[in-house]
Amino acid sequence: ETGVTQSPTHLIKTRGQQVTLRCSSQSGHNTVSWYQQALGQGPQFIFQYYREEENGRGNFPPRFSGLQFPNYSSELNVNALELDDSALYLCASSLYGPYEQYFGPGTRLTVT
Amino acid sequence: ELKVEQNPLFLSMQEGKNYTIYCNYSTTSDRLYWYRQDPGKSLESLFVLLSNGAVKQEGRLMASLDTKARLSTLHITAAVHDLSATYFCAVSVPNTGNQFYFGTGTSLTVIP
C-alpha cells in the first residue's frame with residue numbers, strides 16, 4: 001500500500017506567476033483535501049475533491065482552484081501568486097465521509 | 001465562523017514532568033484528531049477520537065474528548081526529549097464530507 005505523495009517538494013515562484021501542485025492519494029482512497037500551512041500556523045482548509053468535483057471550500061479566493069482525476073489524484077492550481085501564498089501546501093487523502101485523513105509530505109512554495 | 005483554539009501555544013517542560021494541552025472548538029462535532037508535526041515535516045496522526053468520552057493512550061500520550069464541553073485534552077506523562085514537536089488538534093465538521101479544521105498548534109519543547 002503506497003502512501004500519499006506530493007510533487008514537487010520545493011518550488012520558488014515570482015509574484016504574479018501561476019503554479020500547479022500535484023498529489024497522489026493513498027491506494028483505495030477516493031477523496032483528496034488540500035490545506036495551506038503558513039509558517040507558525042495550523043493548516044487551513046482550502047478545498048476538498050470527491051468524484052472529480054469540489055466538495056467544500058474554505059475561505060480562499062477563486063484564484064485557488066483544483067482538479068481531481070479518475071484515478072483520484074489531484075492538482076492544486078494557484079494563479080496570480082502573491083507573497084502571502086508562501087506556505088507549505090499539504091494534501092490529504094481519505095475515504096469519503098467521517099474517516100481519518102492521511103497527509104502527504106507537502107510542497108514548500110516560496111513566492112518572491 | 002468555526003474556531004479551534006489550543007492552549008498553551010508554547011510549552012517548555014523538563015523531562016519527567018507531566019502536562020496537558022487543551023483544545024477547544026466552537027462547533028458541534030463528535031470527531032477529533034490529534035497530529036504531531038516535526039519541523040519542516042508533514043503531519044503524523046496520533047489519535048482519532050470518535051465519540052463523547054473517548055480516551056486513547058499511546059506510550060506517554062493520552063487523549064480524551066468531551067463533546068458536550070467541546071473540549072479535547074492531550075496529556076503528556078513523564079515527558080522525554082523525543083516528544084518535542086508541534087501538536088495540532090483538528091475537528092471534523094459534520095455534513096461537509098469530513099473537512100478538517102485545525103487548531104493553532106502547541107509547540108512543545110522538552111528540556112533534558
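What you see below is based on every heavy atom in this structure, not just the backbone, and it leaves out hydrogens, waters and symmetry mates. The structure displayed is predicted, hence computed values, not measured ones.
For a residue to count as touching a neighbouring chain, one of its non-hydrogen atoms must lie under 4.5 Å from one of that chain's; by this rule B/Q37 touches chain A with the side chain only. Contact of A/Q6 with chain B is not made at all, since no heavy-atom distance falls under 4.5 Å.
Here OG1 of B/T73 is found 12.0 Å from CD of B/Q6. Values are rounded to the nearest 0.5 Å. Separation of atoms CZ (B/F100) and CG (B/L32) is listed at 9.0 Å; rounding is to 0.5 Å.
Among B/S45, B/S107, B/G105, the residue making the largest number of heavy-atom pairs under 4.5 Å with chain A is B/S45. Ranked by non-hydrogen atom pairs under 4.5 Å with chain B, the options A/Q44, A/Q41, A/E100 are led by A/E100. Among A/Y102, A/Y35, A/Y50, the residue with the largest count of heavy-atom pairs under 4.5 Å with chain B is A/Y35.
With a 6.0 Å radius and a threshold of 12 heavy atoms from other residues, nucleotides or ligands, B/L2 has its CG atom above the threshold. Around atom CZ of A/F60, more than 12 heavy atoms belonging to other residues, nucleotides or ligands sit under 6.0 Å away.
For residues 39-56 of chain B, no residue pair satisfies the salt bridge (Lys or Arg N to Asp or Glu O under 4.0 Å) rule, not counting sequence neighbours.
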